[in-house]
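In what follows, chains carry the letters A, B, and so on, assigned in the order in which the sequence lines appear, proteins first and then strands, with residues in each chain numbered from 1.
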Amino acid sequence: MNTKHEINRRDFLEVSFITGMGLVIGICLGGCEEAPTKATVPTKTSAPTMSLSDTPEPTLSPALFEPNVFLMIDHRGFVTIKVPRSEMGQGVRTALPMIVAEELEADWSTIRVEQAHADRKYGDQQTGGSLSVMDTYMPLRRAGAVAREMLIAAAANVWGVDVAECYVRNGSVIHRQSERRLAYGELVEEAVNMPVPRSSEVSLKDPKDFSIIGTNIGRVDNPEIVSGSAVFGSDVRVPGMLYSVVARCPVFGGSITRFDAKNAEAIKGVRHVIEIDSGVAIVAETTWAAIQGREALEITWEEGRNADLSSAAIEQELADRASQQVTTGEAGTSQLIESIYAMAYMAHVPMEPMNCVADVRKDQCEIWVPTQNPQEVLSRVTRFTQLPSDSIKVNVTLIGGGFGRRLEILKGGRTPPVDYVIEAVQISSIINAPVQVFWTRDDDLRYDLFHPMSYHHLSASLDQPERVRVHAYEATAAIPTGYWRAVENVPEAFAYECFLDEMAWARGEDPYQFRRELLPDRSKAVLDVAAKEASWGTPLPEGWGRGIAFHSTWGVTHVAQVADLSVTSEGGLRVHRVVCAIDCGTVIHPDMVKAQMEGGVVFGLSAALKGEITVENGCVQQSNFHDYPILQMDEMPLIDVYIVPSDASPTGVGEMGVPPIAPAVANAIFAAIGKRVRRLPIRMEDLYND
Amino acid sequence: MMGQKSGSFLRRMEMASIALHVNGEKHTLDIDPDVPLLWALRDLLGATGTKYSCGIGVCGSCTVLLDGRPIRSCITPVSAVQGQEVITIEGLSKNGDHPLQKAWIEEEVAQCGYCQPGQILTAVALLNMNPNPTDAEIDAWMSGNLCRCGTYQRIRQAIKRASAEGVRT
């Protein structure tokens with residue numbers, strides 16, 4: 001189950017040293033004019049390359065110190081840090097530069113953040129599995145340390161002293177005896193001539209001396225976000241760009257029988273109506289004209305072999321298989337307890353739907369896309385265009401919500417997913433102009449890579465609660481499935497943590513104390529913090545319940561949550577408070593850890609209490625937030641997050657807040673009204689029916 | 001196969017000259033009067049801070065202020081806003097320093113940030129009308145603005161912070 005982690009985890013830092021000034025001519029820092037196809041947003045002051053809001057614009061520097069692919073320093077002392085992972089709200093464009101800046105001993109106000117485009121030289125760029133900090137922590141520390149040691153060597157050279165007599169502080173090298181000081185910018189020309197130390201041999205700071213890691217530095221993208229100038233994929237505007245939406249068969253795997261472009265072409269602003277691999281593209285001068293053109297298009301579909309596909313039938317099959325496990329299970333064991341837990345298909349619904357800008361020329365191609373997987377985009381575009389990969393540039397924009405959708409990896413299902421990047425590339429190559437392919441919300445729901453429906457059968461002997469047998473069944477129908485925040489951890493934690501609760505009640509034990517005895521020490525400490533802060537064991541009003549759950553997502557980050565809720569026939573179900581405790585090792589940015597826990601709880605509550613995806617006659621039945629609802633403000637519980645201190649290596653936080661909340665809620669429902677719910681999403685009728 | 005564009009079909013929509021007042025500037029567009037304000041802002045005026053997310057007026061990402069009231073620009077035709085002052089996130093303040101924008105930064109509200117322009121403008125309208133809202137009033141007013149990242153708790157905090165500091169617009 002952990003293959004993604006295995007392929008992702010590699011120490012990728014290769015120090016490649018660029019010597020001399022000739023090689024850096026033409027490298028431009030943020031704010032400069034670049035190539036003619038550069039994306040611009042009219043009326044905006046900032047280009048997609050972002051900068052800290054109040055640092056002055058550096059001018060084109062005659063010399064740059066670029067000891068490795070992750071950072072460069074110009075003669076004015078500005079440190080540009082390339083972020084190889086994608087920003088989708090988890091704070092990676094702040095956290096990764098903090099790691100570099102820490103070892104570099106940089107003055108944070110000189111840091112400028114630049115998004116890396118797709119390039120193998122940055123190592124693996126997949127942003128998934130909550131791995132960004134975990135993967136890059138040591139490589140980025142070493143990248144900063146290499147630069148720091150070279151700057152010290154350069155200063156020692158200038159002064160004619162031993163490097164041991166020099167130290168760094170806040171962007172300067174200082175000679176201990178004479179108190180002479182040279183700022184990093186003043187050392188650039190000397191530093192480029194220094195030998196590059198091996199990254200594995202540089203000295204790293206003692207964590208007790210950290211001054212940046214562990215602090216709540218303001219998120220670098222916030223000023224642009226609140227002023228509306230942040231550039232998401234859908235905000236990219238390229239000169240001459242047209243807008244496109246695509247009409248696709250609503251049945252998975254269907255195809256076009258025929259279409260008549262006449263009425264679509266009659267819409268003012270529609271410029272092209274063309275057939276592409278995924279359907280019929282309407283290309284127009286505005287997104288709205290393209291949408292109108294699609295509505296006017298006359299088209300008939302060959303629905304193909306999935307025309308009868310139904311999620312209810314898929315669910316029945318999974319339920320039957322799981323229940324057969326029950327009847328053939330642990331017969332003859334008097335203390336046997338067994339249960340089946342289920343989770344429906346779920347959608348990602350990021351607030352920004354899928355989109356991509358492509359500008360395909362005869363011998364080159366440029367892409368702007370909010371993606372979690374730029375190198376995978378590059379290889380798909382390379383395959384499709386047959387252009388050499390070094391003539392294709394994939395720019396990564398800010399992402400208006402990822403949650404695994406934009407990893408763009410098909411996890412299961414027998415129908416190829418619709419590829420919006422290739423849609424843009426194909427359209428651009430046909431019309432010979434840059435184009436933005438934009439998915440409307442119903443496109444986004446219909447052609448998602450869904451979280452698969454799953455069933456889990458669990459059984460154990462009550463006298464051996466540490467030995468739970470789990471059989472998992474996941475749908476493998478035609479419906480395309482992909483990675484969804486925390487992936488299999490969500491149904492696994494739901495099944496296992498509810499089952500533990502069932503065992504505790506069956507044994508007449510307190511669910512917290514019972515669970516506690518089953519956990520190793522590090523996890524136990526997390527559970528204890530959550531229970532203590534939630535005042536576990538104190539009484540609640542009538543109709544209220546308190547539930548606890550714990551999960552170690554991918555075995556690396558340990559999270560416990562306690563939910564307090566009330567269930568009344570008139571008021572329905574309301575989650576009032578969630579206490580969350582987390583141990584994720586060394587913390588780079590405590591407030592971001594808390595934010596991710598808050599967000600994970602909300603995402604998990606939507607899965608626990610809100611919409612599900614159903615399929616009938618081969619078509620997704622949901623089309624927008626009215627029939628695939630997500631949690632809203634007036635349903636938001638108070639969430640208190642407690643970080644359990646740890647010196648261990650940092651792990652991940654982006655997904656880890658999600659898995660414990662559904663079982664904590666289900667266990668609290670049982671505590672409140674004695675009703676055990678075993679399917680997500682929980683429906684109100686489940687609470688009152690047998 | 002490629003549908004050929006033909007000039008002989010009658011245009012289905014009537015064009016009209018529409019005067020838009022956006023962030024203190026006047027724009028005259030020759031445009032189908034039914035075009036939603038959202039797409040006029042994003043694709044014709046380059047004001048991409050206003051976001052599409054649902055297209056049917058249920059999520060609030062496209063919220064702009066019309067004479068100080070929050071409206072859903074994705075379902076508001078340009079013809080309906082003629083002659084009225086439209087404020088988008090770009091026009092809320094000169095330097096991104098409206099008290100609510102500052103509170104949003106102080107509370108580190110944003111995660112992905114996509115829905116936040118709509119959240120901020122909805123909150124501006126709330127505090128203009130009710131400078132000291134209770135939690136319940138905040139929840140009721142803001143519940144039409146969805147956030148998939150789950151930043152609701154911090155939105156609540158940021159509104160209370162701006163409220164406590166006294167918003168002057």
Side-chain angles (χ1 to χ4, degrees), chain A residues 41-43 88-90 218-219 221-223 225-230 232 234-235 237 243 261-262 264-268 271-275 286-288 296 349-353 398-401 403 430 440-441 591 595 598-603 624-626 630-634 636 638-639, chain B residues 1-6 9-13 15 32 35-36 39 42-56 58-59 61 88-90 93 96 101 104-105 108 110-117 120 138-140 142-156:
Chain A
V41 177
T43 76
M88 46 193 179
Q90 82 284 38
R219 288 265 309 276
D221 293 308
N222 274 348
I225 285 171
V226 303
S227 67
S229 61
F232 296 87
S234 51
D235 302 330
R237 299 291 181 263
Y243 301 82
K262 186 180 62 185
E265 288 172 338
I267 302 290
K268 159 87 167 152
R271 297 266 286 267
H272 309 272
V273 178
I274 55 176
E275 185 171 351
T286 63
T287 313
W288 179 249
V349 289
M351 296 310 287
E352 181 187 30
L398 289 178
I399 297 177
F403 316 117
I430 293 171
T440 56
R441 177 57 57 196
D591 189 60
E598 293 163 18
V601 166
V602 174
F603 195 92
N624 214 311
F625 292 113
H626 67 286
I630 60 174
L631 206 77
Q632 56 189 46
M633 175 83 105
D634 58 0
M636 177 75 186
L638 284 176
I639 301 175
Chain B
M1 179 157 88
M2 186 160 171
Q4 290 300 307
K5 179 112 175 80
S6 164
F9 292 106
L10 283 174
R11 293 293 184 229
R12 208 170 73 167
M13 293 171 291
M15 294 298 117
D32 169 10
V35 170
W39 298 111
R42 289 184 55 81
D43 295 355
L44 298 173
L45 301 180
T48 54
T50 307
K51 306 301 186 196
Y52 168 95
S53 188
C54 73
I56 59 170
V58 300
C59 81
S61 294
T88 71
I89 190 69
E90 291 94 338
S93 64
Q101 287 170 313
W104 243 249
I105 288 175
E108 297 274 345
Q111 287 187 31
C112 87
Y114 190 81
C115 73
Q116 301 299 347
I120 291 169
I138 292 172
D139 284 6
M142 299 299 298
S143 281
N145 285 68
L146 302 179
C147 172
R148 184 60 160 159
C149 297
T151 63
Y152 300 128
Q153 178 157 299
R154 289 167 189 247
I155 290 172
R156 216 183 259 152

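- Residue A:Val602 touches chain B through its side chain alone, counting heavy-atom pairs closer than 4.5 Å.
- With A:Arg219 contributing its side chain and B:Gln111 its backbone, the two residues share a donor-acceptor pair below 3.5 Å.
- With a threshold of 4.5 angstrom between heavy atoms, B:Ile120 approaches chain A through side-chain atoms but not through N, CA, C or O.
- In this structure A:Gln90 satisfies the side-chain hydrogen bond (donor to acceptor under 3.5 Å, both in side chains) test with no other residue, sequence neighbours excluded.
- Residues forming a ring pair (Phe, Tyr, Trp, His ring centres under 6.0 Å) with A:Phe403 (at least two apart in sequence, or on another chain): A:Phe603.
- In this structure, chain A has heavy atoms under 4.5 Å from both the backbone and the side chain of B:Glu108.
- Taking the side chain as every heavy atom from C-beta outward, A:Pro223 and B:Gln101 never approach each other to under 4.5 Å.
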For B:Ser53 and A:Arg441: C-alpha separation, side-chain torsions, deciding distance, then whether side-chain hydrogen bond (donor to acceptor under 3.5 Å, both in side chains) applies. CA-CA 6 Å; B:Ser53 188; A:Arg441 177 57 57 196; 2.8 Å; yes
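- Comment: A:Glu352 does not engage B:Lys51 in a salt bridge, judged by the lack of any side-chain N to carboxylate O separation of less than 4.0 angstrom.
- Inspection of the A:Arg237 and B:Thr48 side chains reveals no N or O donor paired with an N or O acceptor under 3.5 Å.
- Contacts of B:Val35 with chain A are made by both backbone and side-chain atoms, with heavy-atom separations under 4.5 Å.
- Neither the backbone nor the side chain of B:Thr151 comes within less than 4.5 Å of any heavy atom of chain A.
- Looking at A:Met88, the atoms closer than 4.5 Å to chain B (heavy atoms on both sides) all sit in the backbone: N, CA, C or O.
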